Asks: 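First the structure, which I've put down as structure tokens, then a few questions once you've had a look.
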2 protein chains.
Amino acid sequence: MATVSRVLNQKGYVHEDTVQKVHKAIEMLKYVPNDVARSLSKKSTKTIALFVPDITNPFFNELALAVEKVSQMYGYTTILCNTNESSKIERQYIQTLKQKYIDGFLMASNTLSEDEIEQLQVPMVAVDRVSSPSVPTVSSKNREGAHLAVQALLKQGCTKIAHIRGPKGIWIAEERCQGYLDLVEDLPWFTPKLVVNGNFQLKAAIEAVNKLFDAHPDIDGIFAGNDMMAIGALRALQERGIRVPDQVQVIGYDGIPLTEMVYPELSTVSQPIYEMGMLAARILIKKIEQQPLDEVNHKLEVELIQRGTTRQR
Amino acid sequence: MATVSRVLNQKGYVHEDTVQKVHKAIEMLKYVPNDVARSLSKKSTKTIALFVPDITNPFFNELALAVEKVSQMYGYTTILCNTNESSKIERQYIQTLKQKYIDGFLMASNTLSEDEIEQLQVPMVAVDRVSSPSVPTVSSKNREGAHLAVQALLKQGCTKIAHIRGPKGIWIAEERCQGYLDLVEDLPWFTPKLVVNGNFQLKAAIEAVNKLFDAHPDIDGIFAGNDMMAIGALRALQERGIRVPDQVQVIGYDGIPLTEMVYPELSTVSQPIYEMGMLAARILIKKIEQQPLDEVNHKLEVELIQRGTTRQR
DNA sequence: AAATAATGTGTAACCGGTTACCTATTTCGA
DNA sequence: TCGAAATAGGTAACCGGTTACACATTATTT
């Protein structure tokens with residue numbers, strides 16, 4: 001028994017002849033090790049959990065694909081947890097998974113307080129969210145991305161730009177909103193009413209745009225906090241008979257595949273979603289395996305992609 | 001030890017006073033049972049796996065949400081497995097998960113042969129796929145759904161209807177295609193060239209439509225094997241400057257949320273996706289817990305929803 | 001050539017639960 | 001009032017691995 005274990009784990013001294021014999025026996029008996037027993041004694045399951053707020057958003061699909069890919073490469077299994085941004089669900093998942101000896105958490109959704117995070121005692125990495133300073137974070141340059149979008153709108157003739165922002169309290173929403181404000185706050189046409197709240201989902205954006213245009217029919221540019229809301233805005237505009245991009249230009253944020261599925265195709269600030277997922281997964285696995293981390297916070301570059309909803313020269 | 005176990009599992013005789021004492025002690029010590037140890041002796045992990053071919057398709061998102069919901073209600077954890085319709089990946093997942101004592105498989109993707117399925121020795125249910133006769137299946141009335149779509153197109157003035165079908169060998173694709181053929185095969189304008197292959201993804205449908213219209217510019221109706229392809233068709237038509245629904249009417253299949261995000265909104269044959277997921281999960285859990293199943297094959301009703309891509313009277 | 005180090009393998013404890021089985025006490029019918 | 005049945009709770013085996021440790025053998029050093 002011990003020798004077989006040593007052969008399989010390549011640990012301790014085993015004579016080469018014995019290794020061969022063991023392998024032959026394993027083949028003959030079609031022996032397959034039992035991972036649960038292994039986990040029990042090793043106190044590790046080679047499993048990580050990815051928490052996302054909304055699996056329905058293609059952004060998180062792509063992220064999940066990337067995480068899955070990397071974790072598989074390193075022999076890990078991934079569990080996807082949909083939290084709906086509810087701390088109750090999130091806590092419940094964490095509780096269940098800790099009981100199951102989960103090895104690490106990858107949080108793209110985070111409703112926990114810093115205290116709770118400190119108490120976790122399980123390695124954790126945040127993607128596209130900031131949580132506690134002790135948690136490594138992978139995100140992109142949101143503020144700069146917002147600058148790119150607003151700059152382009154201004155340069156391409158917009159004279160009144162609205163912003164549909166993501167939920168309050170969510171770091172990336174704040175950053176993107178701040179990036180918008182940086183460039184327009186001091187312009188003569190600006191008024192705080194041009195910033196409306198959304199929840200990163202399509203429906204809310206439709207309502208937001210309708211309210212916005214009822215009050216300010218002269219808006220000719222919209223920067224949305226993410227692509228789903230930009231697509232909602234586009235829908236609302238089309239329904240009102242407003243021509244995009246002739247009358248109103250729209251830019252989203254994320255660069256999800258959906259941007260190329262609508263017509264006209266959506267201009268957007270594209271994040272390297274797949275890379276973010278891979279990087280975050282690698283960092284988490286490093287942490288789990290107690291390897292030293294070089295950097296703790298990663299801010300990846302973004303890129304403005306102009307397509308059919310803007311009038312690029 | 002044994003008594004505590006009995007209290008927690010409500011099994012065997014335990015005096016009421018002792019139960020109270022145990023609960024008090026659990027609270028004081030903040031005792032949390034170890035699920036891995038429990039799994040080892042019970043040979044069950046309270047975990048099921050959902051296999052999907054393409055997590056990027058909203059259809060499977062919704063399915064996953066439903067499965068997750070039900071499994072959580074019954075105390076199960078769900079693992080999502082993206083197979084890309086590759087039997088290599090699928091087999092690898094199955095191998096890994098069996099080693100981890102997975103309790104059941106829910107297959108919305110299936111590349112395995114009947115033999116392999118028989119050998120599995122783990123409860124299994126198929127959704128939207130048919131596999132082996134011994135496996136309970138949840139699907140919808142695909143052929144009837146196709147009839148609804150094609151009937152509507154015919155009634156609403158189409159005189160030449162093409163079909164972009166799903167991949168060969170996938171049962172639902174065959175059924176939907178057959179449903180189309182049932183109604184048009186004997187019409188004077190019909191030719192087999194009007195049926196083109198797709199892979200259920202958007203990109204392929206764009207190419208398919210372009211090829212189709214190069215050869216048959218007089219097509220005035222398209223029935224796509226799923227919504228993703230219908231949206232691809234819509235995109236291709238819009239790019240060609242063809243007006244939908246005035247010149248060409250389009251109907252998809254599935255009823256994913258995306259159908260309401262494009263403009264014009266897509267007409268579609270809507271399946272009760274969420275119910276299918278819940279039903280399949282319930283059946284799987286019943287099987288796992290060795291409860292008797294009433295029926296083995298479930299075919300749910302579908303419904304034609306006419307929106308902006310058809311000319312309903 | 002003897003002492004020491006390196007190599008090879010088996011035994012048993014351990015991970016943290018579940019449960020069969022045993023013994024002790026209480027309940028209850030005849 | 002006695003014995004069977006029901007209730008209560010403890011002991012130890014078991015799930016299937018990992019690994020510290022003991023002991024045997026072989027290789028190396030002086």
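To find a chain, count down the sequence lines: A is the first, B the second, and so on, and within it residues start at 1. As a basis for the values below, the full set of heavy atoms in this structure was taken, side chains included, without hydrogen atoms, waters or symmetry mates. Bear in mind that the values here come from a model prediction, so they are computed numbers and not experimental data.
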Asks: Flag yes if more than 12 heavy atoms outside B:K98 fall under 6.0 Å of its NZ atom; otherwise flag no.
Replies: yes
Asks: OP1 or OP2 of C:dT19 less than 4.0 angstrom from a side-chain nitrogen or oxygen of B:K42, does that happen here?
Replies: no
Asks: Please tell me whether B:E301 and B:S140 have a donor and an acceptor in their side chains that are separated by less than 3.5 angstrom.
Replies: no
Asks: Please lay out, stage by stage, how B:D128 and B:S139 fare under the test side chain to side chain donor-acceptor pair (under 3.5 Å).
Replies: CA-CA 4 Å; B:D128 209 41; B:S139 59; over 6 Å; no
Asks: Would you say the side chains of A:T45 and A:S39 form a donor-acceptor pair under 3.5 Å?
Replies: no
Asks: Around atom CD of B:Q10, are there more than 12 heavy atoms of other residues, nucleotides or ligands at under 6.0 Å?
Replies: no
Asks: With a 4.0 Å cut-off on N to O distance, would you call B:E275 and B:R282 a salt bridge?
Replies: no
Asks: Write down the distance between NZ (B:K11) and C1' (C:dT18), rounded to a whole number of angstrom.
Replies: 8 Å
Asks: Roughly what angle, to 10°, lies between the helix axis at the start of the helix from C:dA1-D:dT30 to C:dA30-D:dT1 and the one at its end, five pairs per end?
Replies: 40°
Asks: A side-chain contact here means heavy atoms from C-beta on lying under 4.5 Å apart; do A:F60 and A:N82 qualify?
Replies: no
Asks: Rounded to the nearest angstrom, tell me the gap between atom CG in A:L29 and atom P in D:dG16.
Replies: 15 Å
Asks: Using a cut-off of less than 4.0 Å, is there contact between a side-chain N or O of B:S5 and OP1 or OP2 of C:dT18?
Replies: yes
Asks: Side-chain N or O of B:N34 less than 4.0 angstrom from OP1 or OP2 on C:dC15?
Replies: no
Asks: Nearest whole angstrom, please: distance from the C1' of C:dG16 to the CD of A:Q99.
Replies: 13 Å
Asks: Give one of base, sugar-phosphate or nothing for A:N9, where a contact means two heavy atoms less than 4.0 Å apart.
Replies: sugar-phosphate
Asks: Do A:K287 and A:L293 come within less than 4.5 Å of each other through their side chains, counting heavy atoms only?
Replies: yes
Asks: Could you verify whether a donor N or O on one side chain and an acceptor N or O on the other, from A:N61 and B:T56, lie under 3.5 Å apart?
Replies: no
Asks: For the pair made of OH in B:Y101 and P in D:dC15, what is the distance, rounded to whole Å?
Replies: 9 Å
Asks: In this structure, how many angstroms lie between the C1' atom of C:dA6 and the NE2 atom of A:H15, rounded?
Replies: 14 Å
Asks: Would you say the side-chain atoms of B:S71 and B:T78 include a donor-acceptor pair closer than 3.5 Å?
Replies: yes
Asks: Just by distance, with hydrogens left out, do A:T111 and A:E85 show a side-chain donor and acceptor under 3.5 Å apart?
Replies: no
Asks: Can you check the B:L40 CG to C:dT19 P distance for me, whole Å?
Replies: 12 Å
Asks: Among the candidates D:dG17, C:dG16, C:dT18, find the nucleotide nearest to the side-chain atoms of A:Y31.
Replies: D:dG17
Asks: Please give me every residue in residues 17-27 of chain B whose heavy atoms get under 4.0 Å of an atom in DNA chain C, ordered by residue number.
Replies: none
Asks: Protein within reach of the bases, or only the backbone? For nucleotides 21-29 of chain C, mark each nucleotide 5' to 3' as B, S or -, using heavy atoms under 4.0 Å.
Replies: ---------
Asks: A:K43 side chain N/O closer than 4.0 Å to the phosphate oxygens (OP1, OP2) of D:dT18?
Replies: no
Asks: Considering residues, nucleotides and ligands other than A:Q291, do more than 12 of their heavy atoms fall under 6.0 Å from its CD?
Replies: yes
Asks: Rounded to the Å, how far apart are A:K100 NZ and C:dG17 P?
Replies: 14 Å
Asks: Would you mind telling me which of D:dT18, C:dA20, C:dG16 lies closest to the side-chain atoms of B:A2?
Replies: C:dA20
Asks: From the options C:dT19, C:dG17, C:dA12, select the nucleotide whose nearest atom is closest to the side chain of A:M1.
Replies: C:dA12
Asks: Show your reasoning for whether side chain to side chain donor-acceptor pair (under 3.5 Å) applies to B:S44 and B:D103.
Replies: CA-CA 6 Å; B:S44 143; B:D103 288 349; 3.1 Å; yes
Asks: So, does B:Y13 get its side chain near the phosphate of D:dT7, meaning an N or O under 4.0 Å from OP1 or OP2?
Replies: yes
Asks: Under 4.0 Å: is that the gap between some side-chain N or O of B:S41 and OP1 or OP2 of C:dG16?
Replies: no
Asks: Grab the CG-P distance between A:L8 and D:dG16 for me, whole Å please.
Replies: 16 Å
